[in-house]
Amino acid sequence: MPSTDNVMDKLVSLAKRRGFVFQSSEIYGGLGSVWDYGPLGVELKKNIKERWWRSMVHAREDIEGLDAAILMHPRVWEASGHVAGFTDPLVDCKHCKNRFRADDPRIKGTPGQPDAQCPVCGSRGTLTAPRMFNLMFKTFMGPVEEAAAVVYLRPETAQGIYVNYLNVLQSSRQKIPFGIAQIGKAFRNEITPGNFTFRTREFEQMEMQFFVKPGTDQEWFEFWRHERMKWLVELGIRPEKLRFHQHTKEELAHYAKDAYDIQYEFPFGWQEFEGIHNRTDFDLSRHQEYSGKKLDYLDPATNERFVPYVVETSAGADRTALVTLVDAYGEEEVAGEKRVVMRLHPALAPLKAAVFPLVNKDGMPELARRVYDDLRRHYNVFYDDGGSIGRRYRRQDEAGTPFGITIDGQSTADATVTVRDRDTLQQVRIHTDRVVSYLGERVKG
Ligand code: GAP
């Protein structure tokens, strides 16, 4: 592996060069910590989301899907605690106008006091005392920009699930325990964003809220944290790069009784990319109180009434995509030449195979086109007839394409092709009739 300090630089440059991730509004100088997914990145992220959806919603009888709107009634965010509590303490430098989190380790001294020194311009005594800053993006609904018209871009998708909990329960005829899963955008006006797509201001979450009877919550919490770790390992992420981190009392969010982060060892350290939270009945009780609508559950078996507890699994789609990219990145020497290879799990790989006519004559392009047309009815595949075969392989190694299918001189004689494996570099020769099923066995999600 290359040294850790420049892996992120190399990844950012590969991501741009190959069309995984671009900076938002780049031609205007970019928009801070907002990113766009290019042709390869959109496929990778879509594959992750689809796999998550399948494992949560389709593979289980006890979880339903939902797609709630980003804009919600502003009272939702009062009930959830976000208006009062989703804040970071910030200090401003009155001299250079930069803004920092009050706990920024670069600040020497106590903000607000004469001894404090600005970490950017170096002035002393110019830092204000900390002020609380809410991380929610605000906008106005309707034509009038007044306090009564304020709405927020949701900072988590979870609340859309809580406010629809009764709708889903009644329309799906589920019984507790059951869950609701949702994938969607969330927005946070982060003060210290960074590390590429790790902490951004617009991102996507894959969240599942599992509603359980109070008293069974710790059991379900344990169940879900192990399920989530298993899912990540099955995604091909190296297990030694994954670990749990249990929240200390100080780290617990206002709604949580117990919480584990799943962390990955990024080049910039161990960091959370998914959380499993025991949110108790905090959210449903608060929505009951603020909306005046009853949200309790009548257990048909025991005739007991209770407000369900919620066990939440909350993953960032972008952070999970970043984990898969970082984890896949490899550099090695092959036959005296350096190759960069993205060892993405075949089910996640944006392109499943690339088809190459060895040369552009002798019937090879015609046969290669036929193989390509067969394949693209089933998979996202790529046709490349430009440059030497070695260069074409290397381009696909960088894109993470697990298989390279080459049509050579023998192919036109006996209708066989070679299939090169991205990771082992082994080549096998198979009949063109078998190419679709050969790939199917190896790339299924
Ligand atoms: N509903 C619970 C919740 O939102 P969180 O720990 O604040 O919990 C869950 O966020 C996940 O969402 C994180 O583990 C991360 O993957 C993703 N996430 C949160 N803030 C993010 C940001 N600014 N940029 C990218 N992903 C973020």
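Sequential numbering from 1 along the given sequence is applied to the chain's residues. Numbering of ligands and ligand atoms starts at 1, following listing order.
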Considering only non-hydrogen protein atoms, determine which one is nearest to [atom] and report residue, atom name and distance to 0.1 Å.
atom                    : value
atom 15 (C) of ligand 1 : Arg319 NH1, 3.5 Å
atom 2 (C) of ligand 1  : Glu312 OE1, 3.1 Å
atom 17 (C) of ligand 1 : Gly316 CA, 3.8 Å
atom 25 (C) of ligand 1 : Phe198 O, 3.2 Å
atom 19 (C) of ligand 1 : Arg188 NH1, 3.5 Å
atom 18 (N) of ligand 1 : Phe203 CE1, 3.5 Å
atom 9 (C) of ligand 1  : Ser314 OG, 3.0 Å
atom 8 (O) of ligand 1  : His277 CE1, 3.7 Å

Value rounded to 0.5 Å, distance of [atom1] in [X] from [atom2] in [Y]:
X      : Y      : atom1 : atom2 : result
Ile161 : Glu312 : CD1   : CD    : 8.0 Å
Phe223 : Arg228 : CZ    : CZ    : 11.0 Å
Cys118 : His95  : SG    : NE2   : 9.0 Å
Thr320 : Leu322 : OG1   : CG    : 9.5 Å

With a 4.0 Å cut-off on heavy atoms, is [X] touching ligand 1?
X      : result
Thr200 : yes
Tyr255 : yes
Glu204 : no
Arg279 : yes

Are [X] and [Y] close enough that some pair of their side-chain heavy atoms sits under 4.5 Å apart?
X      : Y      : answer
Asp92  : Arg131 : yes
Lys213 : Thr216 : yes
Arg243 : Asp261 : no

- Query: Has Arg319 got its NZ or CZ under 6.0 Å from the middle of the six-membered ring of Phe203, at an angle within 45 degrees of the ring axis?
  - Reply: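 Arg319 over Phe203 ring: no.
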- Message: Heavy atoms only: which of Glu207, Gln263, Gln205 lies closest to atom 12 (O) of ligand 1?
- Response: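 Checking each option, the heavy atom nearest atom 12 (O) of ligand 1 is found in Gln205.
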Within ligand 1, which atoms have a heavy atom of [X] less than 4.0 Å away?
X      : answer
Glu272 : 6 (O), 13 (C), 14 (O)
Glu156 : 1 (N), 2 (C), 3 (C), 4 (O)
Phe273 : 14 (O), 16 (O)

- Item | Part of Glu190 within contact of ligand 1 (heavy atoms, under 4.0 Å) |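 Glu190 to ligand 1: side-chain contact only, backbone stays beyond 4.0 Å.
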- Task: Mind telling me whether Tyr264 and Phe266 have parallel, tilted or perpendicular rings, with 30° and 60° as the class edges?
- Result: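 Answer is perpendicular, since the angle exceeds 60°.
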- Task: Report the relative orientation of the aromatic rings in Phe221 and Tyr260; use parallel for angles under 30°, tilted for 30 to 60°, perpendicular for over 60°.
- Result: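 Ring orientation of Phe221 relative to Tyr260: tilted.
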- Query: Under 6.0 Å between the ring centres of Trp224 and Phe210?
  - Reply: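 Distance test on ring centres: under 6.0 Å, yes.
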